[in-house]
Protein chains: 2
Amino acid sequence: MTDNQIIKLSELKSHCQNCSLYDLCLPMGLKTGDLDSLDNVIKRRQSINKNNFLFRLGDSLKSVYAIRSGSFKTYLINTDGNEQIVGFSLPGELLGMDAIGENQHTCTAKALETSSVCEIPFDRLESLARDIPNLQHQLFRLLSKEIQQDQNLMLLLAQMPAETRLASFLLGMSERLSKRGYAANEFNLSMSRGDIANLLGMAVETISRLLSHFQENSLLNVERKHITILDMDKLRQLANHSAVNCSNSSQVS
Amino acid sequence: MTDNQIIKLSELKSHCQNCSLYDLCLPMGLKTGDLDSLDNVIKRRQSINKNNFLFRLGDSLKSVYAIRSGSFKTYLINTDGNEQIVGFSLPGELLGMDAIGENQHTCTAKALETSSVCEIPFDRLESLARDIPNLQHQLFRLLSKEIQQDQNLMLLLAQMPAETRLASFLLGMSERLSKRGYAANEFNLSMSRGDIANLLGMAVETISRLLSHFQENSLLNVERKHITILDMDKLRQLANHSAVNCSNSSQVS
DNA sequence: TAGAGTCGTTGATCTAGATCAAATTGGCAA
DNA sequence: TTGCCAATTTGATCTAGATCAACGACTCTA
């Protein structure tokens, strides 16, 4: 690799236009000129180590964050002091929009692995949205999509048995990851069994047992965090043909 | 009542400025000039009979609706064809924002009783939001508030026992109704036991038993749909000091 | 590289709340 | 009014999945 190429590479990495997540992230559907405006607003790259916080419940809203790599869990703290995970976030998703209502974050976002994000100061994003109708519409879309996702998760929690919940969760992860260019049938879960259990309203033991059970039935291959989906159709059947997108963060498409 | 008064009354009823829900509804925080613009956009008054639909899953997004009187339930249909209620909506709340993401409604809104709404064409609202920064911010707030509410309901569904769920639901209804000027400790539930059970992910029988139980313990007085809260503190305790706002519609404050 | 702590798995038991069954009440159409 | 249907209540039973318990496997630290 020549010096020239190296320079180009670093240049590539620093603009929305050339970001590999371009069509997943906020810029989707913006015209070139508008993209430049957005580009100017974004504070690029910030690295967060595993178990560190991107923001915490109660933090005042300064920025929203586009995830470049890694993953996060977002959770509430209930009155007993326990966490309730409300979503896992993957690259290309926008995190932190929850705070707009109260001007402060209503949940905490913790890195599940070393991750990197683009920081977007919110006040500038909001004023930019007034100048770029398309961006305003995009933001409305993101928020309303998130509501839909949460509602689907509510449905799952309110009336689906454990098996359906887990199948639906795995299917959702598979779909989201495949959108990001990863294999649909083979991936690593960055979150613990406990985190999955918490999100789905079940006990860790039940998650573990179901995974073993899925493996016995040749639906999955489970090797610690590494999941291989062997029979997608069967999994879909168990999931009632509905994959939950438990992102609790905003996805464009 | 003189003719003159009648005329004035009808005039009163037809403008946001004079609506009794003024400070609950969308106009909150807008300046007089901006209010006039909003006023011009609103198609006033539409009456919906019990069990009729305000919109249905799949309908294309034309308008959002501000509830003037009555109440609605909003629900999804799961893959087995069963409904999953995601919220109940009361006067002063905005219904239909769910549709922005896909440009079509992702849930169905059905009147629980004869109700009346103000219809607000969405395209005009969106363009108005670009001209009125405060309105744009207001809309962002509404959407993000709804996300918060849904997340709190998720927490309830994922980790709280039946008793806490119902107590929290009743507390939420009480709080919302009292904001609307009704008594906090005495109200009518417009939805059936079955609807409550569905929202909270429980069986009708459990709802019924718990209500009887609450009554035995002098927490409540239950007479069919009419609920009187006798011991608010105790109810709060059972609810873990968290009231779910299961509005699935947007509330300003 | 030993030791401690965390995470995951598996088995045994228990229980909150579902499901099934039946009686009671109320609302409403004819 | 009567009769019917839907909603609610109450009781009896059953079960999915929680909880408790014990152990094996990884991972991090020193």
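Letters A, B, ... mirror the listed sequences (proteins, then strands); counts begin at 1.
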_Pair A:E83-A:K110, salt bridge (Lys or Arg N to Asp or Glu O under 4.0 Å): steps then yes or no_ = CA-CA 12 Å; A:E83 27 181 279; A:K110 190 190 241 187; 5.1 Å; no

_Covered region of DNA chain D, 5' end to 3' end, by chain B [heavy atoms, under 4.0 Å]_ = D:dT8 to D:dA12

*Looking at B:M173, B:K145, B:E146, B:R176, which one forms a side chain to side chain contact (heavy atoms under 4.5 Å, CB included) with B:S247?*
B:R176

*First encountered from the 5' end of DNA chain D, between A:M160 and A:R224*: A:M160

*Can a cation-pi geometry be assigned to A:R56 and A:F53, taking NZ or CZ under 6.0 Å from the six-membered ring centre and within 45° of the ring axis?*
yes

_Note: A:R180-A:E93 ion pair, threshold 4.0 Å (strictly below)_ = yes

*Whole angstrom value for the distance that separates C1' of C:dT9 from NE2 of A:H213*: 15 Å

*For A:E163, check side-chain contact (heavy atoms from CB on, under 4.5 Å) against everything at least two apart and list the hits.*
A:L210, A:H213, A:F214, A:L238

*Looking at residues 197-212 of chain A, who's got a heavy atom less than 4.0 Å off DNA chain C?*
A:E205, A:S208, A:R209, A:S212

*Using the side-chain hydrogen bond (donor to acceptor under 3.5 Å, both in side chains) rule, collect all pairs that involve residues 227-241 of chain B, keeping only residues at least two apart or in two chains.*
A:T79-B:N240

_Can you confirm whether more than 12 heavy atoms, excluding those of B:K50, are under 6.0 Å from its NZ atom?_
no

*Just by distance, with hydrogens left out, do A:Q46 and A:S116 show a side-chain donor and acceptor under 3.5 Å apart?*
no

*Which of residues 71-84 of chain B have a heavy atom under 4.0 Å from DNA chain C?*
none

*When the distance from NZ of A:K225 to C1' of C:dT6 is rounded to whole Å, what number comes out?*
11 Å

*Specify the closest pair of heavy atoms between A:L177 and A:L90, including all atoms of both residues, with the distance to one decimal.*
CD2-CD1, 4.0 Å

*Is it true that the side chains of A:Q159 and B:N78 contain a donor and an acceptor less than 3.5 Å apart?*
yes

*Can you run through DNA chain D from 5' to 3' and write each base as (, ), [, ], | or . depending on how it pairs? Watson-Crick or G-U wobble, both distances under 3.5 Å.*
||||||||||||||||||||||||||||||

*asked:* We want to know whether B:E119 and B:S63 form a side-chain donor-acceptor pair, criterion being a heavy-atom distance below 3.5 angstrom.
replied: yes

*Between A:L94 and A:I120, which heavy-atom pair has the shortest distance, and what is it?*
CD1-CD1, 4.1 Å

*N/O donor-acceptor pair under 3.5 Å between B:S212 side chain and B:S208 backbone*: yes

